[in-house]
Each structure stands twice: as C-alpha cells, then as structure tokens.
Amino acid sequence: PIQDVRSGGRQSSGSYQYTLRSDDIDLLRLWTQRLETALQQVPALTDVDSDQEAKGLQVAVVIDRPTASRLGITPDLIDTTLGNAFSQSVVSTIFEAQNQYRVVMEIDPQYAEGPEALRDVQVMTPAGVRVPLSTFARYEYTNTPISVSHQGQFAAATISFGLRDGVSLSDATVAINETAARIGVPASIFGSFEGTARNFQSALSNQPLLILAAIVAVYIVLGVLYESYIHPLTILSTLPSAGVGALLALRLSGSEFSLIALIALFLLIGIVKKNAIMMVDFALAAERQQGLSPREAIHQAAMLRLRPILMTTMAAMLGAVPLMLGAGDGAELRNPLGIAIVGGLLVSQVLTLYTTPVVYLYLDRLRLWHAGRRQRRLQRRAAAADGSAIRN
C-alpha cells in the first residue's frame, strides 16, 4: 500500500526511496530496470519496486534522407508540415468590436484518428510540387514512456523498498550502494537516497556534531560554575561509561541506535554527570572550609554522598523501566529510550563511584603542577627584572 505518512520524497509503495538521475532517458530507464532486478535479490530488502510505468505506443516517422534531399525536401519542412496537420497551429486572429477569435489550422479530425492518416499527408516542395509523405518516409510503431519524472534539471527514476525484520536502514543503504557498484551503474547516472532514507543519512552525519555540541555546552556551564578549567573535566569523565552502557544495552536487546536512542544519550549527559557534581562540589567545599587535602576531601565526599547518588540514580533508572518494558501502540518507539537510559545509568553508577575520585586527584595534581610551573616562571621573570635593575 502507498504510504500515507512520508518524510519527503515521492509517492511510492515502499517506506524508503532511492532515486537515479541522468540526462539520458533511455540509459536511465535501462539501468533503473537492471538495478531494480538486482535489488530484488538482496535478502535485506523487501517490496522492491520502481515508478517506471508501462510503456505506451508511439508512431515514429523514419525519413529516407537521400530520397528527400533529391526532391528538395528538408527535415524542417517535414516537421512544419506534420505540425500544421496534427498540432492545431494558430495562423491568424479575427478581431471584432467586442471579441476576438483565433483561426486554428488543422486537418479534418476524421482523417487524424490513426497513424493511417500519414498516408494522405503531402509535402509541398520549394518548387510547388506536392509529394506524398510515403514517397520518402515510412512510419513504424515504437515504445515510449507514458510520463517522465524529473528532479531538478534531470530525468529521474525512483526505486522504493522496505526492510526485513531485524535489518536496520544503515545496513540497507550499504547493501544498495554495494549492489549498484557490483552491477556497474555508469558514472553518468547519479544515485541518492530520498525521503526518509535521506533524512536518516543527514541525521547520521550530524550525530557526532550534536553530541560534541552538547558536551561543549555542559563544559562551559560547569566552567562558569566552578571558575575552573580542570574540574569540569572531572565531571565530564563520567560520560564515556554512560555512553558505553547505553550502547551495550541496545546491543544486547537487539535495538537499533535510532533517533530516540540519540535523545537518550543527551538525557544521560544531563543525568549521569550529577554523580560527579555531588562529589566534586562537596570535595571543593571541604578543601576550602575545612582545609582538607584533595585526597581526604574526595574520600569524605565519596563516603557522605554515596546514599544521595544511589537514591537519585535509582529514581531515574526506575522511572525509565516502564519505557523499557512498555507494550502497546508506539512501544517500539519508546523502548530504545528506556533501554539506553537504564543501561547507561547502571554501568555509569558502578564505574563512576571508583573512577571519579581517581580522576579528581590526577587532575588536581595536574592543576597544582601547572600552578607551580607558572609560579616558577613568574619568579624567574621577577629575578631577571631585579638583576637588570641592579646593573642599571
């Protein structure tokens, strides 16, 4: 059945579309048929079809050019004669006081009901001699497309397809590209995915940039909050474990990494980092107010913040369980969201309780080393300035 809900593209019988474009219509139709036949043998695809309609019949006038040349008849003269006979040419306009009428030249419709009317067509030579068309031309039946689709300035043909159970759209796009390369589609024919498949490719290419933009935004906010370039990195160190957990849960459950799963990663960026925020915020306060060393401060933070971290994580995880186990209409859209959140929270909870204090201490040592190196550089500059002043 034709899909009622489509994300762009042409009207077709399949959910996804692959469009071929070329400036050679005959070559386009030939390779569209070959590619369609080849794709019907690909196990990952179903319901492979194209928008190539059944061909209709046309009458082609074949000119014997040497004979026509001897009679002084040019192809342009033949074209003009046939146009005047069958195309209803406007030859004049009659103007009256309140209206105007166009004078249309054509042969009597009863003589134009079939190709046999070509036998009665006569061409007037420049010498004023009437020559029957059958003297220097013949007509024959050929096939012609009923309609020609275009995309931009090129003729286009669209192949629609569906996916078998358990096959992702990314696997299908790879299979189609490999099939087109295997059968040797000419370079003069350009192929591209359209509609939902094209939107999928666009979203796939933008996913790394979107994730990077989210991480950069979080880093800037945390840097402003803690007035530090180092401590935001401690908090962001919890994100890789959450991403690994989400991808591992999707893998084990057999779910695709869909747009909903990508949204789950963005949610995890906001949820998981609160574990490190609780510990880092408490450790910094302990260093400033109680004068504890970084090791003592982060140890005390890990001990006292364990219960709040577990409570908030369990609340978020249990809130995602209905999404993961839900059934009914639309459940297949919500399940990846719940699976990714539960898997990401579970893995990150186990790992970050151990990794966050370690990362905090190493980055704090890096901060102290950088501060000491900067201090020594300032002291050398001051000493050099004092020595220069004494010599002067």
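Note on I341 and I215: same hydrophobic cluster, where clusters join Ile, Leu, Val, Met, Phe, Trp and Tyr whose side-chain heavy atoms are under 4.5 Å apart, directly or indirectly. By the criterion of side-chain heavy atoms lying less than 4.5 angstrom apart, applied directly or through intervening Ile, Leu, Val, Met, Phe, Trp or Tyr residues, V347 is not grouped with I269; the two fall into different hydrophobic clusters. In the hydrophobic clustering of ILVMFWY residues, with side-chain heavy atoms under 4.5 Å counting as a link, Y139 and I107 come out together. L306 and V358 fall into different hydrophobic clusters, where Ile, Leu, Val, Met, Phe, Trp and Tyr are joined by side-chain heavy atoms under 4.5 Å apart, directly or via other members.
The two residues V48 and E36 have their closest heavy-atom pair at CG1-O, 3.9 Å. Closest heavy-atom contact between L118 and V59: CD1-CG1, 4.0 Å. When all heavy atoms are compared, the tightest approach of A327 to R334 is O-NH2, 4.4 Å. A340 and A246 make their closest contact through O-CB, 3.5 Å (heavy atoms, listed as atom of the first residue, atom of the second, distance). Closest of all the heavy-atom pairs between R164 and L45 is NE-O, 3.6 Å. Of all the heavy atoms in L27 and I189, the pair that sits closest is O-CD1, 3.8 Å.
Between H231 and L363 the shortest side-chain heavy-atom distance does not fall below 4.5 Å. In this structure, L35 and Y18 have side chains that are in contact, with non-hydrogen atoms separated by less than 4.5 Å. A 4.5 Å side-chain heavy-atom check between I298 and P357 finds at least one atom pair inside the cut-off. In this structure the side chain of T355 never reaches within 4.5 angstrom of the side chain of S237, judged on heavy atoms. Inter-residue side-chain proximity for Q290 and Q300 is flagged as met; some heavy-atom pair is nearer than 4.5 Å.
Between the side chain of T313 and the backbone N or O of L310 there is no donor-acceptor pair closer than 3.5 Å. Judged by distance alone, the side chain of T81 and the main-chain N or O of L77 form a donor-acceptor pair under 3.5 Å. A donor-acceptor pair under 3.5 Å is absent between the side-chain atoms of T356 and the main chain of L353, judged by distance alone. At least one donor-acceptor pair under 3.5 Å links the side chain of N84 to the backbone N or O of T80. Using modelled atom types, one side-chain atom of N177 and one backbone atom of T173 make a donor-acceptor pair closer than 3.5 Å. Side-chain atoms of S22 come within 3.5 Å of backbone atoms of D24 as a donor-acceptor pair (strictly under, hydrogens ignored). A donor-acceptor pair under 3.5 Å links the side-chain atoms of N335 to the main chain of M324, judged by distance alone.
In M105, the CE atom is crowded: over 12 heavy atoms of neighbouring residues, nucleotides or ligands sit closer than 6.0 Å. Within a 6.0 Å sphere centred on OH of Y362, other residues, nucleotides and ligands contribute 12 heavy atoms or fewer. Counting non-hydrogen atoms of other residues, nucleotides and ligands closer than 6.0 Å to CZ of R251 gives a total of 12 or fewer. Within a 6.0 Å sphere centred on OH of Y229, heavy atoms belonging to other residues, nucleotides or ligands number 12 at most. Within 6.0 Å of the CD atom in E140, the count of heavy atoms belonging to other residues, nucleotides or ligands exceeds 12. Around the CD atom of Q33, the shell of radius 6.0 Å holds no more than 12 heavy atoms that belong to other residues, nucleotides or ligands.
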#### Entry: Residues V42, F161; criterion side-chain contact (heavy atoms from CB on, under 4.5 Å); working and verdict
CA-CA 11 Å; V42 177; F161 61 94; over 6 Å; no
### Message
Applying side-chain contact (heavy atoms from CB on, under 4.5 Å) to R70 and T67, what does each step give before you reach the verdict?
### Response
CA-CA 5 Å; R70 287 196 302 268; T67 302; 3.3 Å; yes
### Message
The test is side-chain contact (heavy atoms from CB on, under 4.5 Å); show your working for I159 and D49 and say whether it passes.
### Response
CA-CA 6 Å; I159 298 176; D49 194 11; over 6 Å; no
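For the residue pair S192/T19, the side-chain donor-acceptor check at 3.5 Å is not satisfied.
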